[in-house]
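Sequence lines set the chain letters: A, B, ... in the order given, protein chains first and strands last, and positions in each chain run from 1.
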2 protein chains.
Amino acid sequence: MPAPNKTRFALLGLLTFGPMSGYDLKRMFEKSLNYFWNESYGQIYPMLKKLAGEGLTGGKRESDPESRSRTVYSLKDEGMAAFREWLALPAEPMRDRNELLMKLFFGRHSSPDINRNHLLAAREYYTGLAQKFDELEIRLKEDCSDDPDQPYWLVTLGYGQNQSRALLQWCDQSLIALDEIPADRTSSDNSKNETNEPPSGGR
Amino acid sequence: MPAPNKTRFALLGLLTFGPMSGYDLKRMFEKSLNYFWNESYGQIYPMLKKLAGEGLTGGKRESDPESRSRTVYSLKDEGMAAFREWLALPAEPMRDRNELLMKLFFGRHSSPDINRNHLLAAREYYTGLAQKFDELEIRLKEDCSDDPDQPYWLVTLGYGQNQSRALLQWCDQSLIALDEIPADRTSSDNSKNETNEPPSGGR
DNA sequence: CGTGTCATGTAATCAGTTACATGATTCA
DNA sequence: TGAATCATGTAACTGATTACATGACACG
């Protein structure tokens, strides 16, 4: 059995905030979940139709002359039930595919400068991220103190904060570690002849 | 322009360790890069043919009667050059799609028990991970102290260590935070209308 | 002789992004 | 009027996994 589709649950979840159009949903992804989830229009619109077809949401064409015409979807009880069911299922661990780590793993074939730059770029990235998270924390605590969702959002925020701080530390410690590699080890060796034995293991 | 294919570079990178078959490469992914990269046969075999077709690797059918027949690919200078070129390019940040965070983000619609269980499962997961990383560190320092790749592998390992420890802490602090939510906030409220404010906020 | 591992591959399917097409409305 | 935004969608493409098919050899 292949992994069940998660786009549907992301959409159902966002619709708990109230009826919305596909366009609204896209903005919600950008605004709210962006750090751990996003969906493209190519996923959103077809899935919205599917969900309505399954009776999980109700779609109504709004032709209000006051506003622009759009299709607004609202969560039905059946949709809420399906969403709750999914919430209770164990979360599948994400498969990480980390390009930065791959580059550093093979760093011997690169140059000290390049490796250093990768880490500096990562450092900058995590610095900005940590800062954004801290700002978000302030806003969440100020503006949403009455919101029943607030504690949950603080939890997801905390994930980002802990992670970005930890990886910031990692950048610093790694920059030091790579600096300490003796030059005869950093040389990017063009040949692939050496010993042929696979890494790890050995004697 | 779509993101360039990274499978090719993963394969080229692994071939820096020496000539290998598709089967060997798959085992290498499983054994060495597993925590931040993996590829399935469905990606590996077609890409190996492609790389050979582009002249980046040499593929030789080995029909050694001593061993089983297999196709062994080796890195050519052109392949090494292409790999080096890629190493110097900035690493694209990975897009995180974190199911656990989505479930917790919408945790209000779940139950305290379920949220707690998600965090406990994550806690167990990261505990095991941190332990494996620590074991790996010992092995890396014992067995590979002469390996010119060792410092780079320690860097990638450090990423996993810092991250898993940080997220372990996050699990603990989040379990506490969710425990402190007053019961009238945890109730999975079916309606989205409320705002019947509880008298005098703050805790 | 049958199970497990080595070994290579493909087809079906699913997931996901990008680019494009269209058109209405708002606002400077 | 022309640019920005609102709004909906689809087609083409890439990426990736899963399941399957095949067969050889090893080991008990």
Side-chain angles (χ1 to χ4, degrees), chain A residues 1-11 14 19-31 33-34 36-53 57 59-73 92-99 102 198, chain B residues 1-11 19-31 33-34 36-53 57 59-73 92-99 102:
Chain A
M1 203 182 289
N5 198 337
K6 284 150 212 165
T7 300
R8 48 189 318 118
F9 299 111
L11 294 177
L14 285 181
M20 263 182 284
S21 68
Y23 194 82
D24 294 333
L25 285 160
K26 177 64 178 158
R27 277 185 314 175
M28 287 284 278
F29 277 118
E30 234 92 74
K31 196 184 60 174
L33 313 187
N34 198 32
F36 60 88
W37 207 274
N38 211 332
E39 300 280 355
S40 60
Y41 286 126
Q43 299 274 101
I44 291 173
Y45 282 111
M47 182 54 73
L48 280 175
K49 279 195 174 168
K50 209 176 170 199
L51 289 173
T57 62
K60 267 186 199 157
R61 188 83 194 167
E62 271 189 7
S63 297
D64 207 333
E66 287 301 295
S67 67
R68 303 176 189 209
S69 69
R70 61 212 209 105
T71 308
V72 171
Y73 295 88
E92 283 175 39
M94 52 176 176
R95 55 153 220 274
D96 275 345
R97 262 190 153 184
N98 193 319
E99 205 178 323
M102 185 156 50
Chain B
M1 204 179 287
N5 199 339
K6 284 150 211 164
T7 300
R8 47 189 317 117
F9 300 111
L11 294 178
M20 263 182 283
S21 69
Y23 194 82
D24 293 334
L25 285 161
K26 177 65 178 159
R27 276 185 315 176
M28 287 284 277
F29 277 118
E30 234 93 74
K31 196 182 63 172
L33 312 186
N34 198 32
F36 59 89
W37 208 274
N38 211 331
E39 301 279 355
S40 58
Y41 286 124
Q43 298 274 101
I44 292 173
Y45 282 112
M47 183 54 72
L48 280 175
K49 280 197 174 165
K50 210 176 169 197
L51 290 174
T57 61
K60 266 186 200 156
R61 187 82 194 168
E62 272 189 6
S63 295
D64 206 333
E66 286 301 296
S67 66
R68 304 178 188 204
S69 69
R70 61 211 209 104
T71 308
V72 170
Y73 294 88
E92 283 175 38
M94 53 177 174
R95 57 148 221 276
D96 275 344
R97 261 189 154 185
N98 192 317
E99 204 177 324
M102 182 153 54

Q: Return the value, rounded to whole Å, for the distance between atom NZ of B:Lys26 and atom C1' of C:dG9.
A: 14 Å
Q: Rounded to whole Å, please give me the gap between CE in B:Met47 and C1' in C:dG9.
A: 15 Å
Q: In plain terms, say whether A:Arg8 and A:Glu39 are close enough for a salt bridge, that is, a side-chain N and a carboxylate O under 4.0 Å apart.
A: no
Q: Measure OH/A:Tyr23 against P/C:dT25 and give the value in whole Å, please.
A: 15 Å
Q: Taking the nucleotide of DNA chain C with the closest heavy atom to each, which residue, B:Ser21 or A:Tyr41, is nearer the 5' end?
A: B:Ser21
Q: OP1 or OP2 of D:dG9 sitting under 4.0 Å from any side-chain N/O of A:Lys49?
A: yes
Q: Quick one: which of C:dA7, D:dT18, D:dT8 gets closest to the side chain of A:Thr71?
A: D:dT8
Q: Out of C:dG16, D:dT17, C:dT8, which has the shortest distance to the side chain of B:Gln43?
A: D:dT17
Q: Rounded to the nearest 0.5 Å, what's the gap from OG1 on A:Thr7 to CZ on A:Phe29? Could you check?
A: 7.5 Å
Q: Respond yes when some side-chain nitrogen or oxygen of A:Thr7 is under 4.0 Å from OP1 or OP2 of C:dG16, and no when none is.
A: yes
Q: Using the side chain to side chain donor-acceptor pair (under 3.5 Å) criterion, which residues pair with B:Ser21? Sequence neighbours excluded.
A: B:Asp24, B:Arg70
Q: Nearest whole angstrom, please: distance from the P of D:dA16 to the CG of B:Asn38.
A: 12 Å
Q: Residues in ring pair (Phe, Tyr, Trp, His ring centres under 6.0 Å) with B:Tyr23, at least two apart?
A: none
Q: Please state how far atom CD1 in A:Ile44 lies from atom C1' in D:dC6, giving the value in whole angstrom units.
A: 14 Å
Q: Pick the closest DNA chain C nucleotide for B:Arg95 and for B:Val72 by heavy atoms, then say which residue is nearer the 5' end.
A: B:Val72
Q: So, OP1 or OP2 of C:dC14: does either fall under 4.0 Å of a side-chain N or O from A:Asn5?
A: no
Q: If I take atom NZ in residue B:Lys50 and atom P in nucleotide D:dA16, what distance separates them, rounded to the nearest angstrom?
A: 12 Å
Q: B:Tyr45 OH to D:dT18 P: how many Å, rounded?
A: 17 Å
Q: For B:Gly22, answer base if it contacts any base atom (sugar-phosphate contacts may also be present), sugar-phosphate if it contacts only those atoms, and nothing otherwise; contact means non-hydrogen atoms under 4.0 Å.
A: sugar-phosphate
Q: Return the value, rounded to whole Å, for the distance between atom CZ of A:Arg27 and atom P of D:dT8.
A: 10 Å
Q: Using a strict cut-off of less than 4.0 Å between a Lys/Arg side-chain nitrogen and an Asp/Glu carboxylate oxygen, indicate whether B:Glu99 and A:Lys6 qualify as a salt bridge.
A: yes
